Protein chains: 2
Amino acid sequence: MAVQANSEPRIPLSRDRVLRAAVAIADSDGLESVTMRRIGEALSAEAMSLYYHVANKNDLFDGIVDVLMAELNESVDRADGEPGDWKAAMRRRILTARQIMLRHPWAPRLLESRTTMRPAVVLYHDRLVGLMRSGGFSYDLAHHALHALGSRALGFSQELFDPSAGAVAQSDRMLADLADQLPNLVGMLSEIAHDDPESTLGWCDDQAEFEFSLDLILDGLDRLK
Amino acid sequence: MAVQANSEPRIPLSRDRVLRAAVAIADSDGLESVTMRRIGEALSAEAMSLYYHVANKNDLFDGIVDVLMAELNESVDRADGEPGDWKAAMRRRILTARQIMLRHPWAPRLLESRTTMRPAVVLYHDRLVGLMRSGGFSYDLAHHALHALGSRALGFSQELFDPSAGAVAQSDRMLADLADQLPNLVGMLSEIAHDDPESTLGWCDDQAEFEFSLDLILDGLDRLK
DNA sequence: CCCCAATTTCTTACGTCGTAAGGCTGCCTT
DNA sequence: AAGGCAGCCTTACGACGTAAGAAATTGGGG
């Protein structure tokens, strides 16, 4: 094509620019819109040019995780240093991490899809173990704790039911049809459904449920200490 | 092409045959190998023929979930009826569900990817709520419990680190390099790593960790009852 | 039996994706 | 000045999901 006729002074590509463009696309249009050609377009370059800065799509996704986790670790470290016991410190750290995740709805799916461990993810968990150790945890219990928290340690929890608008509507109809087959859920939903009308955020569980579950686990660990 | 010269008596396609073929492919070669052309090949048919029995790939995946959950609900119901309080009953149900998940390593990823609720998934959770209700839970606490359990209710928990062979080897090298930057994890792993050599199953956390976390949550709920 | 209509399957084709292979260009060094 | 190499581009291939419509099969009524 050899466009570029417009005499813009061509900013050179770089891994960082590629990754940031990818994050921007994911933020605005979702992870499935993050495509080589689309990133190229955003950078006024050709898709194949990206391969000079990124080995392949897997490496690209790893890089996106790195960018995300850099932002997350920075925020989390900033929220650090305030007083409190291990439980308060972990709670603060995790809820701060959650803020970042809420800014990037694609992040949970991406993190779960990665098979290679990224240093920044490991580093985040190292700090969590540190907090637990200084709170009197044995290594063994801290290890159990990481498993028990799972993705909640990073501020999210995958929800099997997505209570977003469409899904709820569909499920309402279904529950009406199968009301007699699902007595317990029907009862539960009729009692709960309309109490917190708009606290859910689509992809994620709502904040109150997250905090409830987090505290349940932290308190449980406290008792085993 | 019009092969089929071989006068095999052509078994007609059906939604069920398509779905079962898809499950078989996922079991043997992974979810990413479940492709329209591949399913067709397995059934000696063309890819486009599948569309008469399945609306599109999304519908196909929904159908796979249905097949999976049918197997799961059947197993879970069979394990039912034995004595015990709500906690023992839920434990048994969930660990039975886990058995099915271990047979289908692709199931967690698939379930997390579905945005529409499938009836069989809802039904499974209805029974869980029923167990909790008969154990003295309020609807509100049962609701919290479902959130707290998350995917663990179905017998799995997504692990951020995949402790499979390759990843561990890579991480070992990384931990050696960054040992001073990750003091807590290095300490933890050196104490724990070689105690349970082969209890991990690759995609999933190992059984002991799962049960620890499950009991942590169930005990925590018990205390809130 | 044959014929017709409905059901089921196949053919062809399009647009999208990731990326292999290799060509062009301009700066940096000697 | 010449050569080299870093950076970017062109072209092309083989997957993928699936739209559109043609072909083949099947079952039922003369």
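Lettering follows sequence order; numbering is per chain, from 1. These numbers come from the heavy atoms of this one structure, side chains and all, not from hydrogens, waters or symmetry mates. These numbers were taken from a predicted model, which means no experiment stands behind them.
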Output the rounded distance in Å from CE (B/Met48) to C1' (D/dA20). 8 Å
Whole angstrom value for the distance that separates P of D/dC13 from CE of A/Met36: 21 Å
Nearest-Å distance, NZ (B/Lys57) to C1' (C/dT16)? 14 Å
Of the candidates D/dA6, D/dT18, C/dG18, the side chain of B/Arg37 sits closest to D/dT18
How about CZ on A/Arg15, more than 12 heavy atoms from neighbouring residues, nucleotides or ligands closer than 6.0 Å, or not? yes
Nucleotide nearest A/Tyr51 (side chain, heavy atoms from C-beta), chosen from C/dT7, C/dT19, D/dG7: C/dT19
Give the rounded distance in Å between these two atoms: CD1 of B/Ile11 and C1' of D/dT26. 17 Å
Angle class for the A/His143/A/His147 ring planes (parallel below 30°, perpendicular above 60°, tilted otherwise)? perpendicular
Output the rounded distance in Å from CG (B/Leu43) to P (C/dT9). 10 Å
For B/Arg17 and B/Pro12 the tightest heavy-atom approach is NE-O, 3.1 Å
Over how many whole Å does the gap from A/Ile39 atom CD1 to C/dT19 atom P extend? 11 Å
Does a side chain donor of either A/Asn58 or A/Arg114 reach within less than 3.5 Å of an acceptor in the other side chain? yes
Write down the distance between CD (A/Glu46) and C1' (C/dG23), rounded to a whole number of angstrom. 14 Å
Residue A/Thr35, side-chain heavy atoms: nucleotide from C/dG18, D/dG17, D/dA6 that is nearest: C/dG18
Candidate nucleotides C/dT7, D/dG7, C/dT19, ranked by approach to the side chain of A/Asn56 - the nearest: C/dT19
